[in-house]
Undergrad: 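Pasting a structure below so you can have a look.
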Amino acid sequence: MNNIQLLPSPAQLQKEMEKMAKQLNEMNADLLNKEFEYCWSKISNDVKQKVKKNFVKELLPFVRNNYFNEINARKMNLVMGDLMTDRVIIPYICAEHYFRTSHMPDEERAGLQKNNEYRTKIVNDITSKILLNEHSAINPNSVTNRFSPEITMMKVYAVFINSIILRLKDYNNNNDIRKNTICRLIFKFMSMINAVLDLLADGYDTEALSLWRSLHELECTIIVIQDYEEGVAESYVEHLKYLPLEFDEDNVNNELINEMNNEMKKYKGITKPQFINFGWLLGIEEIKGHRFNFKETLSFLANQNERYEAFKFPSKFIHPSAVHITINRGSCYIDCIYQTYQSFLNISNCFDIFIGNEYENADIVRSDYLKNRNPYNEALMEIYNILLKRFETSKK
């Protein structure tokens with residue numbers, strides 16, 4: 001007779017269920033702990049010096065529970081993908097606590113971390129901010145998003161160039177002003193590119209175009225320093241000492257003020273803002289007799305005057321005007337992304353020349369760049385050609 005396997009008794013079944021529940025809880029706890037460690041690894045070292053790991057761990061379940069309770073209480077109709085995970089909640093806790101306590105002595109901060117009133121307050125504050133910022137924020141409807149190829153491709157290329165610049169630092173002599181200046185300016189340019197792209201992806205087209213205006217000034221500065229080799233980088237760096245005089249002469253020594261005034265006397269009709277912004281270009285022969293403004297100095301020398309109207313247009317957003325509510329947002333997006341691509345292509349070309357001519361002692365880094373840039377460049381040019389057609393269509 002075959003053996004018949006009897007069903008477990010209710011007591012045995014309960015025991016098995018409790019065992020399974022315990023195993024699931026242990027698995028969940030392990031996953032949550034791994035998730036926490038991952039999120040913690042992304043927090044900056046400056047924040048970690050002031051925000052203790054255990055404090056964040058202790059507050060996390062309270063914020064998490066408070067968040068879900070509020071969602072239920074407000075009857076918010078959210079799907080699983082809309083819910084905020086620990087990857088959002090942990091940075092909120094770190095940022096909130098860091099802002100409130102980073103200025104305090106360690107002893108005072110440690111005492112506050114144990115204060116129940118303080119803990120309750122920041123749990124409630126963080127919950128409210130997550131609910132409003134992540135679920136109820138009034139954001140413009142973007143004509144694109146952060147996954148669009150024109151956004152992602154340029155971001156990837158910008159990160160690639162900056163990674164090469166970081167490697168080139170090992171080959172830079174501290175006394176080589178030209179190399180160090182160009183590297184620092186291109187690194188800053190690529191960082192600003194990311195800021196413009198983030199604004200565009202989030203739907204802030206006019207704000208992105210206003211920032212592009214600053215990006216274009218930096219673009220022209222890099223081109224001029226790259227093209228006019230003899231002493232121009234040194235003049236640029238030396239001239240930085242006058243920047244504080246544009247806003248506050250009271251806290252600057254009189255010797256520097258007198259030096260600036262004596263320099264300005266050499267050039268008829270030049271104003272203080274003009275000298276401070278463009279005085280480093282005075283040694284370049286090609287602008288002798290030109291008026292001292294962006295168009296006739298920096299833009300002219302960088303051979304970018306055909307884009308001057310595009311540079312002028314964002315100034316309309318600086319002051320309150322009807323343009324904010326009458327502008328065609330789709331057209332503004334195309335203008336900005338097209339001009340940003342042109343700027344990027346100009347500076348990537350500068351970088352090609354720069355690394356090719358200036359870094360013979362960095363063969364490995366240079367060969368890595370030249371080998372890997374072609375796929376990036378081909379993909380970028382494909383997207384640029386599509387954008388060019390869209391830009392030309394928008395102007396008809």
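One-based numbering along the sequence shown.
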Undergrad: So, the side chain of Lys50 versus the backbone of Arg109: is there a donor-acceptor pair under 3.5 Å, distance only?
TA: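 Not a single qualifying donor-acceptor pair exists.
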Undergrad: Do Tyr384 and Ile386 sit in one hydrophobic cluster, given that two such residues count as connected whenever their side-chain heavy atoms are within less than 4.5 Å of each other, even indirectly?
TA: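 Per the 4.5 Å side-chain linkage, Tyr384 and Ile386 are not co-clustered.
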Undergrad: Can you tell me how far the NZ atom of Lys272 sits from the CD1 atom of Ile276, to the nearest 0.5 Å?
TA: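 One finds 5.5 Å between NZ of Lys272 and CD1 of Ile276.
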Undergrad: Are Glu207 and Ser210 close enough that a side-chain donor and a side-chain acceptor fall under 3.5 Å?
TA: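 Per modelled atom types, Glu207 and Ser210 side chains form no pair under 3.5 Å.
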Undergrad: Phe300 and Phe294: ring-ring contact (aromatic ring centres under 6.0 Å, His included), yes or no, with the steps?
TA: CA-CA 8 Å; Phe300 171 79; Phe294 173 75; over 10 Å; no
Undergrad: Got a donor-acceptor contact below 3.5 angstrom from the Asn72 side chain to the Phe68 backbone?
TA: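 Yes; judged by distance alone, with no hydrogens or angles, the pair exists.
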Undergrad: Identify the two heavy atoms, one from Ile43 and one from Pro91, that lie closest to each other, and give their separation to 0.1 Å.
TA: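 The answer is CD1-CA, 4.2 Å.
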Undergrad: May I ask you to decide if Asn173's main-chain N or O and Asn180's side chain share a donor-acceptor pair within less than 3.5 Å?
TA: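 Yes.
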Undergrad: Side chain to side chain donor-acceptor pair (under 3.5 Å) for Thr127 and Glu70? Distances and angles first, verdict last.
TA: CA-CA 8 Å; Thr127 303; Glu70 283 295 315; over 6 Å; no
Undergrad: With a 4.0 Å cut-off, would you call Arg87 and Glu35 a salt bridge?
TA: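 Yes, Arg87 and Glu35 are salt-bridged.
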Undergrad: Using a cut-off of 6.0 Å, state whether more than 12 heavy atoms not belonging to Lys114 lie near its atom NZ.
TA: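 Atom NZ in Lys114 is not packed in, count stays at 12 or less.
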Undergrad: Run the side chain to side chain donor-acceptor pair (under 3.5 Å) check on Tyr308 and Gln304 step by step: do they pass?
TA: CA-CA 7 Å; Tyr308 183 69; Gln304 296 299 310; over 6 Å; no
Undergrad: Give a yes or no answer on whether the side chain of Asn349 reaches the backbone of Leu345 with a donor-acceptor pair at less than 3.5 Å.
TA: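 No; zero donor-acceptor contacts below 3.5 Å.
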Undergrad: State yes or no: do Phe36 and Tyr38 share one hydrophobic cluster built from I, L, V, M, F, W and Y residues joined by side-chain heavy-atom distances below 4.5 Å, directly or via other members?
TA: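 No; tracing contacts between hydrophobic side chains, which count when under 4.5 Å, never links both residues.
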Undergrad: Looking at Asp106 and Lys52, does any basic side-chain N land under 4.0 Å from a carboxylate oxygen?
TA: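 Salt bridge absent between Asp106 and Lys52.
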Undergrad: Going by an N to O cut-off under 4.0 Å, is there a salt bridge joining Lys129 and Glu134?
TA: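 Between Glu134 and Lys129 there is no salt bridge, as every charged N stays at least 4.0 Å from the carboxylate O atoms.
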Undergrad: So for atom NZ, which belongs to Lys57, do other residues, nucleotides or ligands contribute more than 12 heavy atoms lying within a distance under 6.0 Å?
TA: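 More than 12 within 6.0 Å, yes.
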Undergrad: Between Tyr242 and His239, does the ring centre distance come in under 6.0 Å?
TA: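 Judged by ring-centre distance (under 6.0 Å), Tyr242 and His239 do meet the cut-off.
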Undergrad: So does Glu217 pair up with Arg213, basic N to acidic O under 4.0 Å?
TA: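 Here Glu217 does not pair with Arg213 in a salt bridge, since their nearest N and O are not under 4.0 Å apart.
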Undergrad: Kindly compute the distance separating CE (Met190) from CG (Leu215), expressed to the nearest 0.5 Å.
TA: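 Here the interatomic distance stands at 9.0 Å.
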Undergrad: Taking Glu296 first and then Arg291, would you say they form a salt bridge - that is, a charged N and a carboxylate O separated by under 4.0 Å?
TA: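 Looking at Glu296 and Arg291, the cut-off is met.
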Undergrad: Under a 4.0 Å threshold between the charged nitrogen and the carboxylate oxygen, would Arg146 count as salt-bridged to Asp198?
TA: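 Looking at Arg146 together with Asp198, the answer is no, because their closest N to O distance does not fall below 4.0 Å.
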Undergrad: Less than 4.0 Å between a side-chain N and a carboxylate O, is that true for Glu360 and Arg366?
TA: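 Between Glu360 and Arg366 there is no salt bridge, as every charged N stays at least 4.0 Å from the carboxylate O atoms.
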Undergrad: Using atom types as modelled and distance alone, determine if a side-chain donor or acceptor of Ser235 lies under 3.5 Å from a backbone N or O of Gly231.
TA: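 Flag not set: sc Ser235 to bb Gly231 has no pair under 3.5 Å.
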Undergrad: Using modelled atom types and a 3.5 Å cut-off, is there a donor and acceptor pairing between side-chain atoms of Tyr67 and backbone atoms of Ile126?
TA: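 No: the side chain of Tyr67 does not pair with the backbone of Ile126.
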Undergrad: Under a 4.5 Å side-chain heavy-atom rule over Ile, Leu, Val, Met, Phe, Trp and Tyr, are Val159 and Leu200 clustered together?
TA: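 In one cluster with Val159: Leu200, no.
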Undergrad: Out of curiosity, Ile182 CD1 to Ile165 CD1, how far, rounded to the nearest 0.5 Å?
TA: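 Taking CD1 in Ile182 and CD1 in Ile165, the distance rounds to 10.5 Å.
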Undergrad: Would you call Arg373 and Glu378 a salt bridge, taking side-chain N to carboxylate O under 4.0 Å as the test?
TA: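 The answer is no: the pair does not qualify as a salt bridge.
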Undergrad: Going through the checks in order, is the side chain to side chain donor-acceptor pair (under 3.5 Å) test met by Tyr359 and Asn172?
TA: CA-CA 9 Å; Tyr359 282 95; Asn172 283 356; 2.5 Å; yes
Undergrad: Quick one, Glu37 with Lys34, criterion salt bridge (charged side-chain N to carboxylate O under 4.0 Å, His left out). Give me CA distance, side-chain angles, the key distance, then yes/no.
TA: CA-CA 5 Å; Glu37 293 300 330; Lys34 287 179 179 176; over 6 Å; no
Undergrad: If only atom types and distance count, is the side chain of Arg119 paired as donor or acceptor with the main-chain N or O of Gln113 below 3.5 Å?
TA: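 Between the backbone of Gln113 and the side chain of Arg119 there is a qualifying donor-acceptor contact (under 3.5 Å).
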Undergrad: Take atom CG of Leu243 as the centre, draw a 6.0 Å sphere, and report whether it contains more than 12 heavy atoms from other residues, nucleotides or ligands.
TA: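 Yes - once you tally the heavy atoms of other residues, nucleotides and ligands closer than 6.0 Å, there are more than 12.
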Undergrad: Heavy atoms only: give me the nearest Val224-Ala302 pair and the separation to one decimal.
TA: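 Between these two residues, the closest heavy atoms are CG2-N, 3.8 Å.
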Undergrad: Using 30° and 60° as the class boundaries, would you call the ring planes of Phe160 and Tyr157 parallel, tilted or perpendicular?
TA: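 Tilted.
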Undergrad: If I compare all heavy atoms of Leu281 with all of Ile287, which pair ends up nearest, and what's the gap?
TA: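 For Leu281 and Ile287, the tightest heavy-atom pair comes out as O-CD1, 3.3 Å.
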Undergrad: Test ring-ring contact (aromatic ring centres under 6.0 Å, His included) on Tyr118 and His97; report intermediate values, then the result.
TA: CA-CA 10 Å; Tyr118 172 75; His97 184 56; 5.7 Å; yes
Undergrad: Give a yes or no on whether the backbone of Pro61 and the side-chain of Asn65 come within a donor-acceptor separation of less than 3.5 Å.
TA: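 Yes, Asn65 side chain to Pro61 backbone: donor-acceptor pair under 3.5 Å.
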Undergrad: Rounded to the nearest 0.5 Å, how far apart are CD of Glu150 and CG of Leu387?
TA: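 Going from CD on Glu150 over to CG on Leu387, the span is 6.0 Å.
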Undergrad: For a ring-ring contact (aromatic ring centres under 6.0 Å, His included) check, start with the C-alpha distance between Tyr369 and Phe351, then their side-chain angles and the critical distance, and finish with the verdict.
TA: CA-CA 10 Å; Tyr369 172 73; Phe351 189 65; 5.0 Å; yes
Undergrad: Using every non-hydrogen atom in the two residues, find where Tyr267 and Ile270 come nearest and quote the distance to one decimal.
TA: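 Here Tyr267 and Ile270 meet closest at O-CG2, 3.2 Å.
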Undergrad: Please find the pair of heavy atoms, one from Ile383 and one from Pro149, that lie closest to each other, and give the distance.
TA: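 Closest approach of Ile383 to Pro149, heavy atoms only: CD1-O, 3.5 Å.
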Undergrad: Looking at CD1 of Ile186 and SG of Cys350, how far apart are the two atoms once the value is rounded to the nearest 0.5 Å?
TA: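 SG of Cys350 is found 6.5 Å from CD1 of Ile186.
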Undergrad: Going by an N to O cut-off under 4.0 Å, is there a salt bridge joining Lys312 and Glu309?
TA: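 Yes, Lys312 and Glu309 are salt-bridged.
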Undergrad: Please evaluate residues Glu96 and Arg100 with respect to the criterion salt bridge (charged side-chain N to carboxylate O under 4.0 Å, His left out), reporting the C-alpha separation (whole Å), side-chain torsions for both, the decisive distance (0.1 Å), and the verdict.
TA: CA-CA 6 Å; Glu96 187 79 23; Arg100 292 177 178 277; 2.9 Å; yes
Undergrad: Identify the two heavy atoms, one from Ser299 and one from Asn305, that lie closest to each other, and give their separation to 0.1 Å.
TA: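 Minimum heavy-atom separation between Ser299 and Asn305: OG-OD1, 2.6 Å.
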